[in-house]
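Only heavy atoms go into these numbers, but all of them, side chains included; no hydrogens, no water, no symmetry mates.
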Amino acid sequence: MSYKYIVIGGSAGSFQIVTGILSALPKTFNLPIFLCLHRLKHIRTGFVEALSIKSKINVVEPCDKEFIRQGKAYLAPANYHMYFDLGNFVSLSTEPAVNHSRPSIDISFASAAFTYKSKLVGILLSGANRDGAMGMKEIKENGGLTIVQDPNDCQVKTMTTAALEATNIDHVLTSDKIIDFIVNLNRTK
Amino acid sequence: MPVTPEDISKVIVTIKNYSSYDFSQYSKKSFTRRIEKVLIDYRLDIDKLINSIKNKPEFIEDLVRSITVNTTELFRDPRLWQTIRYRVLSKLASNRKINIWHAGSSTGQEVYSMLILLNEMGLLDQANVFASDINTDVLKKAKIGEYSYRFNLEYFENFDKVIKENPFKLDEFSEVPYEKYFDVNKLNDTIKVKDFIRKKPVWLKHDMVTEGNIFNTKFDLILCRNVLIYFDTDLQNRVINTFYQSLFRNGILLLGVHESIMGAITNNFIKSGLVYQKKK
């Protein structure tokens, strides 16, 4: 296996799982992780700090054209879409919301799928709208690995259910198993 | 429908040959997304699109309007506006004149936010405010200064943070009614900027990719937020150089909160937080 990039999407009910993932990762974790999480529009600051508290790896809200480094987590900044470009850098845009969301998970997933193809693992967590379903389909069609949180394990299951309807998902896992899976990606490298 | 990189190159070359616009240094990905959207909205394929560019000059203007992204909000990113208030404008207050350029002003909300802040700080009379955009439609909207009330409701919170509250003195609170600056009509779902603010700025069509400083003056403060993200690094640096040339000594450049200056031109500015100050 040679997965080199992880992209995680989540909305309502995903915050705890993301902090769980970040706190479980060792300092030596050597893949970049992209986080596209919906949040309340008026809460513009403090989110990256909240995620950082328990994380051993560095969590940043990247600037446009920021170079992607291993072992760092990149959180899509509030009110921007986050894309991934050839040449290994992030780009941002303020184009209109997609699925009422900016950042939109579909946009980040589709962009990562196009750029990283079979080197990508896409993970979709709990959430209350359908954002991310089309993105998972793109990841699957570009040869990436798709994982959704088991809808029965989700606080809100709309998002993962939509993804399961949209495409053939490789793994349906509980949040604990998702954490194990990501930690193991480090070791199998 | 999938658009190939060759299609995109053809579109860019055709626009360049048939107009004054040059998109060759736009971020390819973002430009491709916009073209894909245009093809859907206008129900065209690439060949028809290229034909329209060649044969209908008025279509090129429509196309440019569709390609450029127009995002602006009242007091977007209050943290930046607090910086503008307490670290930038406060230092310019003793100037006889304060020249400000909003590059890529879109539908005007950033410009009106600035004017409201200048007025609250008692600096409106000494300010010269210029606003420019490549897109004539948004310039027209900006001049009218009328927006959806409901849509802007959430931005009144930003207004409160910048205008009413003081981040350094938490017990200080100035009661500034929205009606001081806006005619609010909830029934029609409109807010309209009051004339004493609305008539103040000079609005100009300007293409920062092909034109330099067209204002016959230099500036104390230039704002260009969330425009450079659509350009490639070379073009970004060229435009930043235009801003550099257009600033007075010690003048300030403000970009979007997730944009930064990269490469050799960094040496021409002193960076402190979100503020870029021209050296020398």
Side-chain angles (χ1 to χ4, degrees), chain A residues 34-36 39-49 59-68 74-98 100-104 106-116 134-135 138 141-142, chain B residues 2-3 5 26-34 36-37 41 66-73 75-82 104 106 110 151-161 167 225-237 255-263 271 274:
Chain A
F34 307 116
L35 303 168
C36 186
R39 43 179 141 174
L40 296 171
K41 239 182 203 167
H42 59 274
I43 304 174
R44 298 278 172 88
T45 51
F47 198 54
V48 74
E49 289 80 359
V59 186
V60 296
E61 288 181 299
C63 273
D64 181 59
K65 312 259 190 306
E66 184 164 327
F67 193 71
I68 295 163
Y74 296 87
L75 174 69
N79 239 346
Y80 288 87
H81 293 304
M82 180 165 73
Y83 298 85
F84 312 97
D85 270 305
L86 294 169
N88 221 24
F89 59 89
V90 172
S91 49
L92 302 176
S93 101
T94 58
E95 284 164 86
V98 172
H100 308 287
S101 309
R102 190 172 64 198
S104 150
D106 273 347
I107 283 198
S108 283
F109 277 17
S111 173
F114 178 81
T115 305
Y116 304 128
M134 291 318 293
E138 295 278 337
E141 286 172 359
N142 280 282
Chain B
V3 178
Y26 269 56
S27 147
K28 285 286 172 298
K29 277 202 160 175
S30 140
F31 187 82
T32 306
R33 289 195 302 271
R34 303 306 287 177
E36 282 169 348
K37 189 173 181 304
D41 291 352
S66 312
I67 289 169
T68 50
V69 175
N70 298 295
T71 312
T72 177
E73 299 156 11
F75 296 104
R76 182 183 163 109
D77 303 310
R79 193 164 53 102
L80 177 70
W81 284 99
Q82 288 168 346
S106 190
E110 176 187 279
F151 182 74
N152 282 282
L153 212 47
E154 58 185 290
Y155 304 120
F156 282 133
E157 203 173 318
N158 294 350
F159 179 102
D160 294 355
K161 277 193 190 136
R225 297 161 67 206
N226 302 315
V227 177
L228 300 181
I229 52 179
Y230 301 106
F231 300 165
D232 73 16
T233 323
D234 285 348
L235 180 55
Q236 286 183 347
N237 286 339
L255 304 173
V257 292
H258 286 281
E259 294 177 294
S260 61
I261 297 180
M262 286 179 293
K271 189 185 185 200
L274 297 165

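Looking at Asn226(B) and Tyr80(A), their side chains do bring a donor and an acceptor atom within 3.5 Å of each other.
Remark: aromatic rings of Tyr155(B) and Phe75(B) are distant, center separation not under 6.0 Å.
Using a 4.5 Å cut-off between heavy atoms, Pro96(A) touches chain B through its side chain atoms alone. Residue Ser91(A) does not touch chain B at all, counting heavy-atom pairs closer than 4.5 Å. For Phe89(A), no part sits under 4.5 Å from any heavy atom of chain B, backbone or side chain.
Under the rule for a side chain to side chain donor-acceptor pair (under 3.5 Å), Ser27(B) has no partner lying at least two apart in sequence or in another chain.
Between chain A and the residues Lys29(B), Arg33(B), Arg34(B), the largest count of heavy-atom pairs under 4.5 Å involves Arg33(B).
Taking CE of Met262(B) as the reference point, atom CD of Gln236(B) lies at 5.5 Å (rounded to 0.5 Å).
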